Number of protein chains: 2
Amino acid sequence: MKVLPGGGAAMSGPVLRKLQGFSRLEEADAAALAMCEAGTRLVPAGTDLIREGDRPEGMLAITEGFACRYKLRENGARQIMAYLIPGDVCDLDISVLNRMDHAIGTLTTCRVARIAPEASRDLRSRPALARGLHRAAIVDEAILREWIMNLGRRSAVERLAHLFCELLVRMRAVGLTCGNSYDLPITQLDLADTTGMTSVHVNRSLGELRRAGLIERKGKRLTLCDLARLMEMAEFRPNYLHREMPTAA
Amino acid sequence: MKVLPGGGAAMSGPVLRKLQGFSRLEEADAAALAMCEAGTRLVPAGTDLIREGDRPEGMLAITEGFACRYKLRENGARQIMAYLIPGDVCDLDISVLNRMDHAIGTLTTCRVARIAPEASRDLRSRPALARGLHRAAIVDEAILREWIMNLGRRSAVERLAHLFCELLVRMRAVGLTCGNSYDLPITQLDLADTTGMTSVHVNRSLGELRRAGLIERKGKRLTLCDLARLMEMAEFRPNYLHREMPTAA
DNA sequence: GCATAACTATAACAAATGTTTCAATGTCGG
DNA sequence: CCGACATTGAAACATTTGTTATAGTTATGC
């Protein structure tokens with residue numbers, strides 16, 4: 001895990017772009033963001049950034065790659081509770097209270113910026129930035145609720161369809177889509193641990209979506225061929241993301 | 001829905017008790033809490049306190065009864081994302097951002113205190129109170145994650161067992177338990193909408209827990225007869241609640 | 001205190017999802 | 001370019017959970 005030269009290039013990218021979607025940021029806010037990082041690491045896939053029981057401080061920002069929050073059962077079963085995609089900042093203020101009750105790990109190679117506690121306080125002293133971070137946190141919580149809906153009341157195919165729609169909106173917000181397609185660099189096993197199924201059933205269900213002409217997957221590239229039908233089948237209503245509705249173009 | 005005489009008796013009870021578990025409160029904090037309520041209502045079961053799409057402000061506190069956060073599918077299927085039990089305060093700051101992306105409704109008759117936006121700002125200007133509310137909010141988010149684990153990676157029986165353990169800890173924190181029993185005034189249908197199953201399967205699974213001698217239900221009263229085994233089967237680790245471990249007495 | 005509705009319990013059957021296994025394909029370091 | 005290893009695809013069968021139906025039981029309004 002090598003520490004790359006800082007300078008804030010990482011934070012100025014997707015993180016800035018994401019927060020701009022939630023709050024009108026000034027030049028000075030962007031500059032503060034760029035200054036705050038305490039070093040950017042390139043972390044290989046399958047690495048824990050934080051373990052359950054750690055007592056972390058400050059913040060982490062993902063600027064490249066996919067990471068996730070997860071917990072394990074004693075038998076090794078894993079449940080993913082959240083994806084951290086480029087632009088996502090995760091507050092480690094759990095330390096206000098106690099120790100991490102879940103782990104954060106990479107699903108792919110990730111570029112990760114660390115923000116020290118002092119720097120994180122500086123950021124929050126800028127009202128526009130604080131507002132952006134606060135709103136992002138509220139949306140993260142709304143996503144947790146929607147995932148509960150997904151797990152509790154949607155079928156296997158619907159769960160996957162819903163997840164793909166959500167990721168389209170989130171990836172678009174950081175400029176990582178092209179039309180209705182984006183890179184989804186994770187395995188079917190990861191998808192299974194996200195949607196509470198087995199990888200076998202994920203495979204079945206993906207095949208179903210593919211045969212229905214709703215999605216296409218070439219390597220890591222996922223294309224939502226018929227977004228309108230996909231959204232309809234998943235009853236995807238993006239209001240919980242507090243961004244614009246994707247046009248079904 | 002009649003508005004009862006205020007005076008803060010409601011807020012001084014379970015809400016105060018809950019927050020004291022998270023932060024050392026002074027007399028003045030308790031007084032501020034008692035003063036803040038803008039009226040307490042007695043709300044019948046099955047009533048929405050807030051609907052999806054509303055633009056609410058201020059805070060709500062439940063001082064008696066069970067309420068929940070929920071969403072509906074178009075076919076009428078309901079998923080409950082959180083229980084609001086006595087002492088729980090729910091921040092309506094979603095208004096910072098936009099409209100409610102879920103509804104809040106009563107599961108039983110509830111006593112509900114409303115805290116106006118100005119009063120809520122007053123509360124937050126008291127550091128100890130602000131800390132207590134913040135920690136309570138962090139725990140609420142941790143509960144959402146644990147519920148995702150529950151839905152995704154536990155069997156029907158385990159899900160119920162885990163929920164009952166969680167509620168024991170939360171009810172104990174507001175003094176509503178007696179040994180390992182407490183009032184769980186909700187129906188099997190509510191439990192089904194919580195755990196992502198059908199009421200038939202909830203009934204089957206409750207029977208299984210009962211026959212195994214793990215729980216007993218007399219009317220609304222739930223007793224966890226063998227807490228140690230119940231915790232073990234559900235792999236219940238209460239760290240995410242950030243309170244003391246219940247002794248398996 | 002009765003009539004009604006809501007809730008609990010249970011059965012028989014259907015559908016969805018999990019388990020195990022194996023082959024085909026892709027990826028990556030030397 | 002090869003070999004090892006991870007990933008995808010898929011079949012056969014097992015298990016869990018959902019569906020529909022019906023009867024008993026408890027709460028509730030009048």
Side-chain angles (χ1 to χ4, degrees), chain A residues 44-47 65-66 73 75-79 106-109 150-163 183-212 215-222 233-234, chain B residues 42 44-47 65-66 73 75-79 105-109 150-161 183-212 215-222 233-234:
Chain A
T47 312
F66 271 51
R73 287 197 60 165
N75 64 11
R78 176 178 65 158
Q79 177 65 43
T106 55
L107 294 171
T108 69
T109 302
N150 220 19
L151 286 163
R153 286 292 179 244
R154 284 193 185 93
S155 71
V157 204
E158 292 169 341
R159 287 203 278 255
L160 287 170
H162 194 280
L163 178 64
D183 276 333
L184 186 67
I186 67 182
T187 72
Q188 296 185 358
L189 221 159
D190 296 329
L191 285 174
D193 290 348
T194 305
T195 51
M197 352 197 244
T198 57
S199 62
V200 174
H201 201 53
V202 165
N203 186 277
R204 273 197 280 254
S205 307
L206 284 179
E208 203 175 313
L209 287 173
R210 183 169 7 96
R211 281 188 297 278
I215 66 168
E216 205 168 284
R217 219 178 169 204
K218 284 219 181 79
K220 300 282 134 215
R221 194 78 185 177
L222 175 72
M233 93 167 305
Chain B
L42 205 52
T47 312
F66 271 50
R73 288 198 59 167
N75 64 10
R78 176 177 66 159
Q79 177 65 43
T106 55
L107 294 171
T108 69
T109 302
N150 221 18
L151 287 163
R153 286 292 179 245
R154 284 192 186 94
S155 71
V157 203
E158 292 169 341
R159 286 201 279 251
L160 288 170
D183 277 332
L184 185 66
I186 67 182
T187 73
Q188 295 186 358
L189 221 159
D190 296 329
L191 285 175
D193 291 346
T194 305
T195 52
M197 351 195 244
T198 57
S199 62
V200 173
H201 201 52
V202 166
N203 185 280
R204 273 196 282 252
S205 307
L206 284 179
E208 204 174 311
L209 287 172
R210 182 169 9 94
R211 280 187 298 276
I215 67 168
E216 205 169 283
R217 219 177 169 205
K218 284 219 179 79
K220 300 283 134 214
R221 194 79 184 175
L222 175 73
M233 91 167 307

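Side chains included, hydrogens not; waters and symmetry mates left out as well; all remaining heavy atoms used. Please read these numbers as outputs of a predicted model, since none were measured by experiment. Just so it is clear: chains get the letters A, B, ... in the order the sequence lines come, proteins before strands, and each one is counted from 1.
- Rounded to whole Å, atom P of dT15(D) lies 15 Å from atom NE2 of His201(B).
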Test side-chain contact (heavy atoms from CB on, under 4.5 Å) on Asp190(A) and Arg78(A); report intermediate values, then the result. CA-CA 9 Å; Asp190(A) 296 329; Arg78(A) 176 178 65 158; 2.7 Å; yes
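- In this structure, CG of Asp193(B) is placed 15 Å from C1' of dT17(D), rounded to the nearest angstrom.
- Across Lys220(B), Arg217(B), Lys218(B), Arg221(B), a single residue satisfies salt bridge (Lys or Arg N to Asp or Glu O under 4.0 Å) together with Asp183(B), and that is Arg221(B).
- The Arg204(B) side chain lies nearest to dT17(D) when the options are dT17(D), dT17(C), dT19(C).
- Checked against side-chain hydrogen bond (donor to acceptor under 3.5 Å, both in side chains), Arg153(A) has the following partners two or more places apart in sequence or in another chain: Asp193(B).
- In the model, Arg159(A) has no side-chain atom that pairs as donor or acceptor with a side-chain atom of His162(A) under 3.5 Å.
- Rounded to an integer number of Å, the gap from Arg154(B) CZ to dG18(C) P is 16 Å.
- Note that the CG atom of Leu151(B) and the CG atom of Asn150(A) stand 10.5 Å from one another [nearest 0.5 Å].
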Restricting both atoms to N or O, compile the protein contacts to nucleotides 4-10 of chain D shorter than 3.5 Å, with distance only.
residue, atom, partner, partner atom, Å
dT8(D), OP2, Gln188(A), N, 2.8
dG9(D), OP2, Gln188(A), NE2, 2.7
dG9(D), OP2, Asn203(A), ND2, 3.2

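- Rounding to the nearest 0.5 Å places OG of Ser205(B) at 11.0 Å from CZ of Arg210(B).
- Atom-to-atom, CD of Glu208(B) to P of dT10(C) comes out at 13 Å; the value is rounded to the nearest Å.
- Within the 4.0 angstrom heavy-atom criterion, no nucleotide atom of any strand lies near Gly46(A).
- Taking atom CG of Leu107(B) as the reference point, atom P of dC7(C) lies 11 Å away to the nearest angstrom.
- For the pair Lys218(A) NZ and dG26(C) C1', the interatomic distance rounds to 16 Å; values are reported in whole Å.
- At whole-Å resolution of the value, CZ in Arg153(B) and P in dT17(D) are 13 Å apart.
- With rounding to whole Å, Leu151(B) atom CG is found 14 Å from dT17(C) atom P.
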